[in-house]
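Remember, it's 1-based here, ligands and their atoms both numbered in the order they're listed.
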Amino acid sequence: MDGLMTIDAVRAAVAAGTTTATALAEQHYARIAADDGANGKGINSFLALSRERALAQAARVDAAAAKGEALGPLAGVPVGIKDVLAMQGSPATAGSLILKGYRPPYDATAVAKLEAAGAVLLGKLNCDEFAMGSSNENSAYGAVKNPKALDRVPGGSSGGSAAAVAAGFAVATLGTDTGGSIRQPAAFCGVVGVLPTYGRVSRYGLIAFASSLDRVGPFTNTVKDAATLLEVLAGRDVMDETSADRPVDGYVAALENPVEGLRVGVPAEYFGEGLDPEIRAAIERVLDGLKLAGCVVKPVSLPHTKYAIPTYYVIATAEASSNLSRFDGVRFGLRSEDAATLSAMYRKTRDAGFGPEVKRRILLGTYALSAGYYDAYYRKAQQVRGLLTRDFLAAFGEVDVIVGPMTPTPAFKLGEKTDDPVAMYLADIYSVAASLAGICGVSVPCGETKDGLPIGVQIMARHFDEATMLRVGAAVEGQQAGRQVEG
Ligand code: GLN
């Protein structure tokens with residue numbers, strides 16, 4: 001197996017019998033064994049492998065292929081799952097000590113859907129504790145290294161999911177994005193990462209961080225692979241009342257439509273101070289390319305953008321403080337043994353089990369929700385969230401997609417921001433507004449800095465218009481390929 005494989009290549013090879021799902025699973029496990037551990041590059045993306053389940057599924061796919069039966073859209077595709085999603089038989093830690101030893105007795109809907117489509121589940125992927133972070137350095141199980149630059153972070157919180165695809169450990173992975181956790185690591189690692197519209201993909205079986213923001217989505221090497229995965233993942237699920245009851249578009253077929261005539265909005269607010277000049281130049285090249293392809297590129301205004309980070313960090317911490325109250329040592333994972341009373345057991349378990357960032361957020365969130373402060377913080381943040389959403393709805397009255405930088409800087413060095421939580425929060429400057437508004441977004445690779453660090457462009461679209469968003473993503477990807485050929 002040379003280089004990175006696409007889903008189409010895997011499916012075609014398995015169907016034609018030129019390889020087997022079993023051989024592919026073994027090849028990917030061999031790569032993980034070589035490079036993920038401390039004896040190799042020490043990427044540290046996988047927290048647990050699910051060999052037995054993977055090989056049983058691969059054998060089922062191979063048997064079906066041998067009989068010439070119709071194969072699912074992900075037949076034989078080796079995938080990895082962020083460790084905040086339940087996968088029966090495997091540990092689910094959410095990157096936290098407090099869940100050590102917990103094994104969920106069921107599959108998340110997104111996980112079950114991948115397997116039903118023929119995917120081979122390799123194991124669980126490292127992430128920031130309870131998905132809180134932008135660098136994967138908040139994991140209780142160690143940081144993840146960026147496969148493109150081993151002294152740098154892969155982004156977070158889905159750092160393991162992005163790194164696993166970039167390193168060729170998996171053809172695709174699942175991550176979650178609450179305020180940027182799919183799109184930002186995708187940009188840092190040079191892969192494609194999709195934030196689906198809120199409600200497009202079921203959250204059943206996802207360990208909740210901030211329920212009004214959490215979304216499940218794919219990481220892949222190509223936009224077409226992302227479209228294939230999203231088509232499998234999307235749809236109504238009776239187990240998640242917030243999943244949307246509306247038909248799923250043909251995302252793969254939509255990629256065939258030309259982008260000519262589409263209106264592309266460029267928000268001035270996303271090109272302000274702090275944007276790395278090489279990233280700015282790369283995004284400008286993307287916009288030039290879209291103009292050449294016949295898009296109408298024009299400025300749009302998202303005037304409340306400057307309030308997005310404070311708004312996000314009030315709402316996300318408030319919801320987290322409530323969601324994380326269930327981890328009390330009684331029901332899941334860790335339990336402190338040296339406590340004489342029930343309340344001491346709660347306290348000691350939570351003190352030992354949660355890391356510093358999670359504790360900080362529980363404190364911030366509890367404060368924002370407390371009597372006397374609720375109106376000043378939480379209610380106010382919800383009002384501003386409404387304004388941010390209106391900004392997008394107004395802009396989408398004039399344009400079909402909004403295009404801008406995904407991150408203000410390329411991947412930063414491991415340890416660079418760990419002592420400064422606010423600097424870490426500011427890394428989310430271009431991701432959190434789309435999260436608050438519930439719209440969809442994708443990060444697509446669009447070049448590298450002169451030091452070889454990946455750059456991502458963010459494409460955002462209206463609620464449930466992933467088809468148009470991915471279509472523009474595919475056009476950008478095509479231009480990149482063209483540029484590489486031109487050399
Ligand atoms: N970096 C953001 C945070 O720390 C986003 C995390 C996420 O999307 N899960 O909250």
**Q.** Parallel, tilted or perpendicular: ring planes of Phe354 versus Phe327, cut at 30 and 60 degrees
**A.** perpendicular
Q: In sequence, state the C-alpha distance, the side-chain angles, and the governing distance for Arg152 and Asp451, and then conclude on salt bridge (charged side-chain N to carboxylate O under 4.0 Å, His left out).
A: CA-CA 12 Å; Arg152 299 199 176 243; Asp451 296 333; 5.3 Å; no
(Q) Would Arg471 and Leu262 count as a side-chain contact (heavy atoms from CB on, under 4.5 Å) here? Give the steps. (A) CA-CA 10 Å; Arg471 181 146 64 107; Leu262 284 180; 3.9 Å; yes
Q.
Is the distance between the ring centroids of Tyr312 and Tyr425 under 6.0 Å?
A. no
**Q.** Distance-only polar pair, side chains of Ser158 and Lys82, donor-acceptor under 3.5 Å
**A.** yes
Q: Show the protein residues that qualify under the rule heavy atom under 4.0 Å from an atom of ligand 1, listing them in chain and number order.
A: Ala131, Met132, Gly133, Ser134, Ser157, Asp177, Thr178, Gly179, Gly180, Ser181, Phe209, Tyr312, Tyr313, Arg361, Asp428
Q. Can you say whether the rings of Tyr378 and Tyr374 are parallel (under 30°), tilted (30 to 60°) or perpendicular (over 60°)?
A. tilted
